[in-house]
Amino acid sequence: MTDRTGPPPGGRDYDVVLLGGTGFTGGLTAEYLAGHAGAARWALAGRNPAKLAELRDRLARRNPACAGLPLLPVDVGDPAALRGLAESTRVVATTVGPYLHLGEPLVAACAAAGTDYVDLTGEPEFVDQMFLRHQATALATGARIVHSCGFDSIPHDLGTYFTVAQLPEGVPLRIDGYVRGNGAPSGGTFHSLLTIAARLPQSVAAARSRAHRESDVTGRAVHAGAGRPGRDRAAGGWVLPMPTIDPRVVGRSAAALPRYGPDFRYRHHAVLPSLPLAAAVVGGAAALLAVAQLPPARNWLMGRMPLGTGPSEQRRARSWFAVRFVGEGGGRRVVTEVSGGDPGYGETAKMLAESALCLAMDDLPPTRGQVTPAAAMGEALLKRLDAAGLSFTVLHEGPR
């Protein structure tokens with residue numbers, strides 16, 4: 001069996017199909033593709049033909065070439081339709097979540113068809129379950145299953161990848177990531193957060209099952225996790241551990257890529273400007289975790305922010321993010337930063353669309369199965385995102 005370096009050969013009608021474009025983040029992704037798909041053949045898929053047609057009309061007002069954009073009626077509850085979708089395209093990009101409830105049938109269809117797949121999930125349990133259930137099939141067919149291609153977790157994964165490239169090779173590396181931003185959540189993100197909080201025992205069990213099945217990196221040590229709370233001079237503020245999916249993704253990239261060195265450690269932090277605000281964030285997270293365990297309260301909260309809703313264009317225009325990385329190794333110290341605009345939606349739509357286009361159109365290293373953005377696309381995606389307006393910058397480098 002040989003690894004392929006590109007999409008499935010021949011017989012595919014499309015390069016990219018976007019599933020979920022009639023939702024909030026999906027609509028932003030469709031708008032981005034309408035302006036940046038270039039020569040890629042792409043289409044819209046979803047369960048409501050009338051809403052798909054409305055979306056196409058909106059895109060055509062921005063770009064008249066979209067007037068003939070193909071529309072594919074597909075329901076995520078219809079395995080036959082999903083199979084036909086996967087067999088029609090090189091890459092499927094999906095914004096249909098929460099992924100734990102709605103995502104598996106599409107992953108299964110793409111794995112079986114040898115079709116590349118990208119999503120926006122920040123749900124660790126979903127990613128682990130997809131590995132356990134569909135990794136063998138994806139390895140056999142050559143499908144690349146690339147989760148977390150939005151703010152979770154591309155800035156952190158590619159930012160670490162970029163930082164590692166500035167440090168010496170073949171030595172132990174230590175990198176700390178510090179996240180700042182001011183974005184507002186959408187209904188989909190809020191529902192996913194509540195789903196994650198409500199299923200912590202199941203998530204832990206899935207992670208353990210995966211760790212039992214997954215082979216260790218021979219001769220290399222990789223450690224990645226949340227940081228420690230406290231005042232941090234390197235961050236210039238108070239930091240809290242950030243137990244999101246992001247350090248897991250960074251760790252899996254490090255395990256897959258020998259360039260990360262023989263002994264790699266990554267820690268992930270949120271940066272807050274004051275101790276009272278840090279305390280408020282901790283209290284709010286604890287309250288959300290407690291409420292999520294009570295189905296009536298959880299359902300009530302979900303009803304306050306329905307799926308398909310999100311921050312206004314004006315609110316998104318004021319949003320920004322910056323992730324700073326402090327890396328050390330081989331007697332060298334480097335400080336880098338990845339930054340951009342609205343993290344959750346404007347930039348996330350850009351990241352997802354460029355990831356799909358990268359898998360469909362670019363010459364990439366040979367990978368298959370469930371892989372991270374850095375391992376699957378690395379330098380090619382970094383160049384795409386830099387050209388699209390995300391900033392990857394070296395702020396300082398020198399002796400430790």
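Hydrogens, waters and symmetry mates are skipped; everything else that's a heavy atom, side chains included, is used.
- To the nearest 0.5 Å, atoms OH (Y117) and OG (S355) are separated by 12.5 Å.
- In this structure, the side chain of D232 does not engage the main chain of W238 through any donor-acceptor pair within 3.5 Å.
- Side-chain heavy atoms closer than 4.5 Å link hydrophobic residues (I, L, V, M, F, W, Y) into clusters, and following such links, possibly through other members, connects V171 to V222.
- Cluster membership check: F131 does not share its hydrophobic cluster with I196, using side-chain heavy-atom separations under 4.5 Å among Ile, Leu, Val, Met, Phe, Trp and Tyr.
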Let me have the donor-acceptor pairs involving side chains of residues 373-386, under 3.5 Å, with sequence neighbours excluded, atom names and distances please.
unit_1, atom_1, unit_2, atom_2, d
R384, NE, D362, OD2, 2.7
R384, NH1, E354, OE1, 2.7
R384, NH2, D362, OD1, 3.1

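- Of the possible polar contacts, none joining the S148 side chain to the G122 backbone as a donor-acceptor pair under 3.5 Å is found.
- Under a cut-off of 6.0 angstrom, the local environment of CD in E169 is sparse, with at most 12 non-hydrogen atoms contributed by other residues, nucleotides or ligands.
- A heavy-atom distance below 4.5 Å is found between the side chains of T160 and F325.
- The side-chain contact (heavy atoms from CB on, under 4.5 Å) test with L52 singles out one residue from D57, L69, L71, and that residue is L71.
- Checked by atom type and distance alone, the side chain of D15 never pairs as donor or acceptor with a backbone atom of A40 at under 3.5 Å.
- Under the salt bridge (charged side-chain N to carboxylate O under 4.0 Å, His left out) test applied with D116, the options R368, R12, R144 reduce to a single match, R144.
- Residues D13 and T89 fail the side-chain proximity criterion, which asks for heavy atoms closer than 4.5 Å.
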ask   = For R90 and R41, what are the C-alpha separation, side-chain angles and deciding distance, and is it a side chain to side chain contact (heavy atoms under 4.5 Å, CB included)?
value = CA-CA 10 Å; R90 295 179 169 192; R41 303 163 302 155; 4.2 Å; yes
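- Side-chain atoms of H147 and E123 form no donor-acceptor pair, as typed in the model, at a separation below 3.5 Å.
- Considering only heavy atoms from C-beta on, L59 comes within 4.5 Å of L44 through its side chain.
- Between the side chain of E337 and the backbone N or O of A322, no donor-acceptor pair lies under 3.5 Å.
- For T336, the side chain to side chain donor-acceptor pair (under 3.5 Å) partners two or more places apart in sequence, or in a different chain, are T163.
- Applying the side chain to side chain donor-acceptor pair (under 3.5 Å) definition to pairs two or more places apart or across chains, those involving residues 388-399 are S391-T393.
- Counting all heavy atoms, side chain and backbone alike, H134 lies closest to A108 at CE1-CB, 3.4 Å.
- Placement of V271 and V338 in two distinct hydrophobic clusters is found when ILVMFWY residues are connected by side-chain heavy-atom separations under 4.5 Å, directly or transitively.
- R267 places no side-chain N or O within 3.5 Å of a backbone atom of H223 that could act as its donor or acceptor partner.
- No side-chain donor-acceptor contact under 3.5 Å links K350 to the backbone of Y32.
- Note: L28 CG to L33 CG = 11.5 Å, rounded to the nearest 0.5 Å.
- By the 6.0 Å and 45° rule, R324 does not stack over the aromatic ring of Y178.
- Ionic pairing of D128 and R210 is present here: one or more N-O contacts between side-chain nitrogen and carboxylate oxygen are shorter than 4.0 angstrom.
- Annotation for R231: atom CZ counts as buried by contact number, over 12 foreign heavy atoms lying within 6.0 Å.
- Put simply, the side chain of F321 reaches to within 4.5 Å of the side chain of F151, judged on heavy atoms.
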message = Between Q129 and E104, does the side chain to side chain contact (heavy atoms under 4.5 Å, CB included) criterion hold? Intermediate values first, please.
response = CA-CA 9 Å; Q129 291 288 13; E104 181 172 5; over 6 Å; no
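- Although no hydrogens or angles enter the test, the distance criterion places no donor-acceptor pair under 3.5 Å between the side chain of D342 and the main chain of S319.
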request  = Before giving the answer on salt bridge (charged side-chain N to carboxylate O under 4.0 Å, His left out), spell out for E31 and R58 the whole-Å C-alpha distance, their side-chain angles and the decisive distance to 0.1 Å.
outcome  = CA-CA 9 Å; E31 290 174 6; R58 190 173 88 226; 3.2 Å; yes
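- Of the residues listed (D246, T121, T372), the one engaging S153 in a side chain to side chain donor-acceptor pair (under 3.5 Å) is D246, and it is the only one.
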Listing, residues 256-266 side-chain donor-acceptor contacts under 3.5 Å, not counting sequence neighbours, or none:
unit_1, atom_1, unit_2, atom_2, d
R259, NH1, V164, O, 3.4
R259, NH2, V164, O, 3.1
R259, NH2, L167, O, 2.5
D263, OD2, R174, NH2, 3.4
R265, NH2, D176, OD2, 2.8
Y266, OH, H268, ND1, 2.7

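- L240 has its side chain out of reach of H269: every pair of non-hydrogen atoms, C-beta onward, lies at least 4.5 Å apart.
- Considering only heavy atoms from C-beta on, F392 comes within 4.5 Å of L158 through its side chain.
- When only modelled atom types and interatomic distance are considered, D119 and T94 share no side-chain donor-acceptor pair under 3.5 Å.
- At a threshold of 4.5 Å between non-hydrogen side-chain atoms, the residues V107 and F126 count as touching.
- In this structure, the side chains of T195 and R199 come closer than 4.5 Å at one or more pairs of heavy atoms.
- Within a 6.0 Å sphere centred on CZ of R83, heavy atoms belonging to other residues, nucleotides or ligands number 12 at most.
- Tested against V96 for a side-chain contact (heavy atoms from CB on, under 4.5 Å), the candidates T22, L102, V74, L106 yield a single pass: L102.
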Please report, to 0.1 Å, the donor-acceptor pairs under 3.5 Å made by any side chain of residues 327-335, with sequence neighbours excluded.
unit_1, atom_1, unit_2, atom_2, d
E328, OE1, R400, NE, 3.1
E328, OE1, R400, NH2, 3.4

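- Grouping the Ile, Leu, Val, Met, Phe, Trp and Tyr side chains by contacts below 4.5 angstrom, directly or via other members, places L173 apart from V326.
- Not a single ring pair (Phe, Tyr, Trp, His ring centres under 6.0 Å) links H101 to another residue, sequence neighbours left out.
- Not one N or O on the side chain of R248 forms a donor-acceptor pair closer than 3.5 Å with the backbone of P243.
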key: Verdict with supporting geometry, V323 and S339, side chain to side chain contact (heavy atoms under 4.5 Å, CB included)   = CA-CA 6 Å; V323 188; S339 60; over 6 Å; no
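- Closest of all the heavy-atom pairs between A113 and E87 is CB-CG, 4.0 Å.
- Q166 places a side-chain N or O within donor-acceptor distance of the main-chain N or O of F162, the cut-off being under 3.5 Å.
- The two residues R220 and A255 make their nearest non-hydrogen contact at NH1-O, 3.2 Å.
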query = V146 and L359: side chain to side chain contact (heavy atoms under 4.5 Å, CB included), yes or no, with the steps?
reply = CA-CA 10 Å; V146 192; L359 285 174; 4.1 Å; yes
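- Placement of V239 and L395 within a single hydrophobic cluster is found when ILVMFWY residues are connected by side-chain heavy-atom separations under 4.5 Å, directly or transitively.
- A donor-acceptor pair is defined here as one N or O able to donate and one able to accept, closer than 3.5 Å; no such pair exists between the side chain of Y99 and the backbone of V127.
- Of the listed residues (L85, V92, I145), just one forms a side-chain contact (heavy atoms from CB on, under 4.5 Å) with T115, and that residue is V92.
- Remark: S209 OG to R133 CZ distance equals 10.0 Å, nearest 0.5 Å.
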